[in-house]
*Asks:* 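After the structure tokens below, expect a handful of questions from me.
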Amino acid sequence: MEKISKINVYMTNVLIIAYLSFLWILFTLLGLGLFGVGPATYAMMAYYDKWLRLGEQPPVARSFYTAFKERFRQSLLISWLVIAVFTIVIINLFTLSQWYFQVANVLVFVIVLFATSHIYTVMAATTFKTIREILQGAALIGLGYLHYSILAWTIIIVAYMIASMISLALLIIWGVGFVGFVLGYAGKLILKEYTPEKVDSDVMFESR
């Protein structure tokens, strides 16, 4: 019975990841992509924060919709900023002919990727209010705990490569949700290691 219970829990968790992936795609499309991707990503990462860090599993759709509306404008502006930065870096990668500029842009791409990986986890899990504070907090945990960032993205890339060889349907059903799960779990581990008791001039954020 214990094994059956564990299997049921495992399968339920797999279905939750797929459900969150579906909701992310749905709300992103409803927002015409550019107006939905930020709030949808925040909603997904807010759920993962409750689930993975706080040990809660509220109703998925209701919780997602509430979080989607909760900090809509701020999550939208942050997504536009991140998209703009990545667009500039990617354009430079394909337009600059000198190899050393390309190498420099690859390094910038990796740094920006790590620095922005936990933006929405920081929004959901900390008391930061302004965009500047959120960006600083995300850079702190993404670059300050570089081993977690490298491990998380290695898992994501390898899993995507394996899934693409097996069936593209796996990427459609679980792709986005899996990325969120891995980053959410990495964020949980980082916040467990670094959870200051109070905020002062020397400490950047505190966990909710």
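We count residues from 1, following the sequence as given. Only a predicted model underlies this, so the values are computations on that prediction, with no experimental measurement involved.
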*Asks:* Please check: side-chain N/O of Asn105 versus main-chain N/O of Phe101, any donor-acceptor pairing under 3.5 Å?
*Replies:* yes
*Asks:* Holding to side chain to side chain donor-acceptor pair (under 3.5 Å), I want the full list of residues that pass it with Gln102, two or more places apart in sequence or in another chain.
*Replies:* none
*Asks:* Please walk me through it: do Phe109 and Asn92 pass side chain to side chain contact (heavy atoms under 4.5 Å, CB included)?
*Replies:* CA-CA 10 Å; Phe109 180 89; Asn92 287 339; over 6 Å; no
*Asks:* Counting distance only, does the side-chain N/O of Ser63 pair as donor-acceptor with the main-chain N or O of Val60 below 3.5 Å?
*Replies:* no
*Asks:* Any sub-3.5 Å donor-acceptor pair from Tyr120's side-chain atoms to Ser75's backbone N or O?
*Replies:* yes
*Asks:* So, does Tyr48 use its side chain to make a donor-acceptor pair with the main chain of Lys188 at under 3.5 Å?
*Replies:* no
*Asks:* Please confirm whether the ring centroid of Trp24 lies under 6.0 Å from the ring centroid of Phe68.
*Replies:* no
*Asks:* Taking only residues two or more places apart in sequence, or in another chain, which ones meet Tyr185 in a side chain to side chain donor-acceptor pair (under 3.5 Å)?
*Replies:* none
*Asks:* Is a donor from one side chain sitting under 3.5 angstrom from an acceptor on the other, for Tyr42 and Gln74?
*Replies:* no
*Asks:* When you measure from the side chain of Trp80 to the backbone of Leu34, do you find a donor-acceptor pair of N or O atoms at a distance under 3.5 Å?
*Replies:* yes
*Asks:* Evaluate Leu52 against Phe181 for side chain to side chain contact (heavy atoms under 4.5 Å, CB included), listing each step before the verdict.
*Replies:* CA-CA 9 Å; Leu52 300 175; Phe181 179 85; 3.6 Å; yes
*Asks:* Using modelled atom types and a 3.5 Å cut-off, is there a donor and acceptor pairing between side-chain atoms of Ser117 and backbone atoms of Leu113?
*Replies:* yes
*Asks:* Counting N and O atoms only, with roles assigned by atom type, does the side chain of Ser149 sit under 3.5 Å from a partner on the main chain of Gly142, one being a donor and the other an acceptor?
*Replies:* yes
*Asks:* Give a yes or no on whether the backbone of Val14 and the side-chain of Trp174 come within a donor-acceptor separation of less than 3.5 Å.
*Replies:* yes
*Asks:* For the residue pair Phe27 and Tyr65, does the interplanar ring angle fall in the parallel (under 30°), tilted (30 to 60°) or perpendicular (over 60°) class?
*Replies:* tilted
*Asks:* Backbone N or O of Gly177 within a donor-acceptor pair of the Tyr19 side chain at under 3.5 Å?
*Replies:* no
